[in-house]
Amino acid sequence: MWDVNELWMQFEIMILNKGESILITFPKQFLIGESCLIIMGELAAEQHAKYILTIEKKKDDVESVLMEHLRINGAYWGLTTLDILGKLSAVDQETVISWVMSCQHESGGFGGNEGHDPHVLYTLSAIQILALFNKIEVLDIEKVSSYVATLQNEDGSFSGDKWGEIDTRFSYVALCSLALLKKLYKINVEKAVRYIVSCKNLDGGFGCTPGAESHAGQIFCCIGALAITGCLHHVDKDLLGWWLCERQVKSGGLNGRPEKLPDVCYSWWVLSSLIMIDRVHWIDKEKLVKFILDCQDKENGGISDRPDDAVDVFHTYFGVAGLSLLEYPGLKAIDPAYALPVDVINRIFLN
Amino acid sequence: MDWDEEEMEVAVSQRPEWSDVTPVPQNDGPNPVVPIHYSQHFAEVMSYFRAVYLADDRSTRSLHLTAEAIHLNPGNYTVWQFRRVIIEALNADLHEEFRLIEYLASKNSKNYQLWHHRRWVAEKLGTEAAARELEFTKNIFLNDAKNYHAWSHRQWVLQNLGGWEDELAYCNQLLEDDVFNNSAWNQRYFVITRHPGLGGIEATLDSEVSYTIKAILHRPENESAWRFLRGLYKNNMQSFVTNPKISTLCLNVLTSKVNPVFALSLLLDLISNGFEPNQDLKNAIKAVIPESNSEDPDISVTICAILEIIDQMRQNYWRWRKNNLHSQVAEGVANLYIH
C-alpha cells in the first residue's frame with residue numbers, strides 16, 4: 001500500500017539535500033495516478049526567498065511609491081512568506097522591530113509607515129510581525145488593545161479608524177488582533193458576531209456590509225472572525241462550501257466571484273475558508289497546486305496573479321501560503337484563521 | 001482650481017507661497033525592511049505635506065498640496081484625512097471634491113480612500129446628493145459592472161439618501177446587458193428584500209420566479225441565476241417543492257442538452273426536501289449520460305453519479321452529497337412538516 005507520508009518524507013530528504021540527486025524509483029502510478037510527484041519538486045523556494053530579501057535593490061520598481069503608505073503590510077507579507085519558506089533568520093529582527101515600533105501612534109494604533117495615521121489594518125500587521133519574532137511583549141498590550149476596542153460600533157461592527165469606514169474586513173482584523181493579544185474580553189464579542197452574521201447572503205457567502213455581494217476576500221474575513229470567536233456554527237457550511245468550490249475554474253485556479261478571472265490571491269482567501277469550514281477536499285487540489293506553480297518567476301523569484309504576469313510581494317505571499325495550506329512539502333504549515341505559521345500560533349496559545 | 005497639471009511640474013520649493021516652509025523628509029531608518037524607492041517629485045511633495053501636517057496648517061495652499069499628493073498616491077489615507085480636516089476648517093466648496101474624485105476614478109476606481117472620501121462628501125450634502133451619486137456609480141458600471149466599491153457605495157446611497165424608485169428597472173437593464181453579472185443579481189436580491197415600497201420577498205415572489213426562470217432558460221449555465229432562484233425560496237420550502245414551474249424548468253433544461261449541472265443540483269435539493277419526480281423527469285435525468293445506465297432505484301443516487309462524472313473537478317463534493325442523501329431527505333421532510 002502506498003503511504004503518502006513516506007513519499008513526502010523522501011521528498012523532504014531531497015530538499016534537505018539541496019537538490020543533490022538521490023535516485024529513488026517510484027511505482028508508475030505515483031507519476032501519473034496522483035500526479036503529485038511531478039509537481040512536488042517545482043517550487044522555486046530559494047528564488048522566492050531571495051526575491052523578498054532583495055526587493056530593496058529594485059530601484060526601478062514603480063509600484064514602490066504606491067506601497068509607501070502600506071509598508072507595514074508589505075513587511076508582514078514578506079516576512080511571513082520567509083518564515084513559511086524557513087528563511088526568517090536571514091532578516092535582522094532588531095531593525096525590523098524597532099522600525100515597526102516607530103510606526104506606532106500615540107493612540108496605541110499603528111500606521112502603515114512612520115508618521116502615518118493609525119489604522120486597524122496596520123495595527124494587525126504590526127502585531128503579526130512581532131508574533132513572528134516572538135516579541136509581542138515589546139508592545140504596551142493594554143494600550144494597543146484599547147485602541148482596537150474603541151473602534152467597535154454600537155451595532156457590533158468595526159470601523160477601520162476613527163473616521164468611521166465600516167467593513168467586515170475590519171471586524172476580522174480587530175478580532176484577530178485582540179485574540180493574538182488575548183484581550184477579546186475588551187469588546188462585545190456577541191454583537192461583533194451578530195454583525196458578521198447579518199452580512200450572510202443567500203449563497204452562504206458574506207459581503208462587506210449587510211446586503212453586499214459575496215466575495216471570497218470578505219468570506220475569508222467573516223469565516224476567520226467566526227473561527228477565532230468559536231462561532232462557526234453560524235455558517236451554512238455545505239452551502240458555502242459548494243459556492244467556494246465553484247470558484248475553481250478549468251485552469252485549476254480560483255476566482256473570487258462568479259465569472260471573474262482566477263487569481264493566485266484566492267488560493268489564500270478561498271482555500272483558508274474551505275479549511276476552516278472543513279470542506280477543502282471538495283476542490284481539485286492538484287490542479288490548484290499546478291496553477292500556483294505556473295505563476296512563478298522561476299528565474300528571479302516571486303509569484304504573480306496569473307501565469308506570465310509581473311510578480312509582486314503580495315501574490316508571492318498568497319501563492320506560498322496557499323501551497324502551505326495545500327501541504328506542499330518543505331513549507332511550514334500556516335494557520336488559516338490567523339494567517340501566521342502554526343508554530344507561531346501554538347507558541348502564543350499553548351505556552 | 002484645486003490642482004494643476006502644469007503647476008505639478010514646478011518643484012514645490014520653487015513656488016513663492018512655500019518659501020516659508022521647511023520640508024520634513026521621510027525617515028526610513030538605516031536598514032529598511034521594505035525600502036521604498038521614491039521619485040524625486042513625490043519625495044518633495046510628501047516632505048512639504050509632512051511639514052504642513054505637523055504644523056496643522058489648514059490653509060488653501062495645504063488644500064492644493066493634498067490634491068497634488070493624492071494625485072501622486074491616491075492610497076495614502078493620512079493625506080485624504082488631512083484634506084477633510086482642511087475642507088471643514090475652510091468651509092471649502094464640497095462640489096469641488098467631485099472633480100478630484102471623478103478624475104481619480106477614471107484612472108483607478110478600485111481605491112478604498114477615494115470611495116470613503118466620496119461617501120463623506122455625499123453624507124455632508126445629504127439627500128440632494130442621491131441622484132448624482134447613483135449616476136456616478138452608474139458611470140463606473142459602464143466600464144466595470146462588478147466594481148465592488150461602487151456597489152457598496154450605491155447600496156449605502158439607497159439606504160441613507162434614497163433613490164430606490166428605478167432600482168429594479170436598473171437591475172433589469174444590467175442583467176439584459178450581461179445576464180452573468182453576479183453583482184446585478186445580488187443587487188436584485190438587495191432591492192426585493194430592502195426596497196421600502198415593494199413589500200419584500202413574499203410580495204415579489206411570483207414575478208421574480210418568472211423573471212429568473214426566463215433568465216435561466218436563456219443561459220442555463222449561469223450559476224448566479226440558479227442561486228438567486230434557490231435564494232427566493234430560502235425560507236419557503238413548501239412552495240419550493242410544490243411549485244410546478246421549478247420542476248418544469250429543470251425538465252426543460254435537461255431535455256435541451258445544455259450544461260445540466262445546476263438543473264441536476266437543484267433537483268437534488270427539491271428531492272431532498274420531499275419532491276417526487278415523475279417518470280418524464282426521471283427519464284430526462286437518466287438521458288444526461290445514457291451509457292451510464294444507472295439502475296439504482298433511488299433517482300438521487302443517479303443524479304449524484306452523473307454529477308460526479310460531468311463535474312469532475314468537484315467530484316468529491318458530489319460524492320459527499322451522494323453519501324449524505326438519506327440524512328438530507330430526512331431533514332428536508334422534517335422541515336416540510338414544521339412549515
Side-chain angles (χ1 to χ4, degrees), chain A residues 55-56 58-61 64-72 74-75 78-79 91-92 95-96 98-100 102 111-117 119 161 163 165 167 201-203 207-209 211-215 238 241-243 245-246 248 250 252 257-260 279 281-284 287 313, chain B residues 24 26-39 42 46 50 53-54 72-79 81 84 112 115-116 119-120 146 148 151-152 155-156 159 178 180-183 186-187 189-190 193-194 222-224 227-228 230-232 234 265 312-317 320:
Chain A
I55 281 175
E56 64 194 82
K58 294 191 172 177
K59 296 292 183 203
D60 55 345
D61 190 351
S64 57
V65 164
L66 301 175
M67 284 278 292
E68 184 248 3
H69 64 288
L70 43 76
R71 202 168 152 213
I72 204 160
L79 294 167
V91 176
D92 175 15
T95 314
V96 176
S98 69
W99 170 72
V100 166
S102 76
N113 204 339
E114 240 186 296
H116 285 231
D117 284 346
H119 193 285
D161 58 20
W163 313 109
E165 188 190 356
D167 190 317
N201 290 319
L202 60 90
D203 49 28
C208 60
T209 47
E213 185 185 3
S214 295
H215 180 290
D238 299 333
W242 183 40
W243 189 88
C245 71
E246 278 290 330
Q248 189 163 33
K250 279 197 182 109
R257 285 186 278 166
E259 297 292 316
K260 299 281 275 187
R279 301 289 185 275
H281 52 289
W282 286 356
I283 60 158
D284 188 328
K287 277 194 138 181
V313 64
Chain B
V24 181
Q26 173 85 41
N27 176 16
D28 277 343
N31 245 328
V33 194
V34 186
I36 310 294
H37 172 64
Y38 307 100
S39 82
F42 178 74
M46 289 311 292
R50 273 184 288 275
Y53 177 68
L54 291 171
L72 292 166
N73 178 11
N76 187 324
Y77 69 105
T78 298
V79 180
Q81 185 43 44
R84 288 188 279 275
Y112 284 102
W115 290 101
H116 185 48
R119 186 178 299 188
W120 178 80
K146 299 172 189 175
Y148 202 79
W151 278 113
S152 176
Q155 293 192 343
W156 177 84
Q159 287 183 305
D178 175 16
F180 292 96
N181 183 347
N182 193 59
S183 305
N186 184 73
Q187 185 71 354
Y189 198 77
F190 180 80
T193 51
R194 292 168 199 255
N222 185 359
E223 174 186 353
S224 306
R227 289 193 197 275
F228 183 84
R230 186 69 180 79
L232 291 173
K234 209 173 93 188
S265 172
Q312 216 170 5
M313 204 146 54
R314 281 165 279 275
Q315 55 174 298
N316 286 341
Y317 170 68
W320 172 83

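In what follows, chains are A, B, ... by sequence order, proteins preceding strands, each numbered from 1. Every value quoted in this text rests on a predicted model; they were computed, and no experiment measured them.
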Quiz prompt | B/Lys146 backbone acceptor or donor facing A/Arg257 side chain under 3.5 Å | solution =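 A pair under 3.5 Å: yes.
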
Practice problem: For the pair B/Thr78 (side chain) and A/Asp117 (backbone), establish whether a donor and an acceptor sit closer than 3.5 Å, ignoring hydrogens and angles. | Solution: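 Yes, because the side chain of B/Thr78 sits within donor-acceptor range (under 3.5 Å) of the backbone of A/Asp117.
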
[X] side, atom [atom1]; [Y] side, atom [atom2] - distance, nearest 0.5 Å:
X	Y	atom1	atom2	result
A/Gln248	B/Tyr317	CD	OH	15.0 Å
A/Asn113	B/Met46	CG	CE	9.5 Å
B/Trp320	A/Cys245	CH2	SG	10.5 Å

Quiz item: For A/Glu246 and B/Arg227, what are the C-alpha separation, side-chain angles and deciding distance, and is it a side chain to side chain contact (heavy atoms under 4.5 Å, CB included)?
Solution: CA-CA 12 Å; A/Glu246 278 290 330; B/Arg227 289 193 197 275; 3.3 Å; yes

Practice problem: Could you tell me whether the side chains of A/Glu213 and B/Asn182 share a donor-acceptor contact shorter than 3.5 Å? | Solution: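 Their side chains do contain a donor-acceptor pair, which is all the 3.5 Å distance test asks for.
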
Practice problem: Show your working on side chain to side chain contact (heavy atoms under 4.5 Å, CB included) between B/Asn76 and A/His116 and close with a plain yes or no. | Solution: CA-CA 9 Å; B/Asn76 187 324; A/His116 285 231; 3.3 Å; yes

Under 4.5 Å heavy-atom distance to chain A, tell me which part of [X] shows up: side chain, backbone, both or neither.
X	value
B/Arg194	side chain
B/Tyr53	side chain
B/Phe190	side chain
B/Ser183	both
B/Ser265	side chain

Quiz item: Quick one: does NZ or CZ of B/Arg314 land under 6.0 Å from the six-membered ring centre of A/Trp242, within 45 degrees of the ring axis?
Solution: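 No, a cation-pi geometry is absent between B/Arg314 and A/Trp242.
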
Quiz prompt | Which atom of A/Ala212 lies closest to which atom of B/Tyr148, heavy atoms considered | solution =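 Heavy atoms of A/Ala212 and B/Tyr148 come nearest at CB-OH, 4.0 Å.
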
Practice problem: Can you see which heavy atom on B/Tyr77 is nearest to which on A/Gly112, and at what distance? | Solution: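 Closest heavy-atom pair between B/Tyr77 and A/Gly112: OH-N, 4.4 Å.
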
Practice problem: Take A/Glu165 and B/Trp115 through the side chain to side chain contact (heavy atoms under 4.5 Å, CB included) test and state the conclusion after the steps. | Solution: CA-CA 10 Å; A/Glu165 188 190 356; B/Trp115 290 101; over 6 Å; no

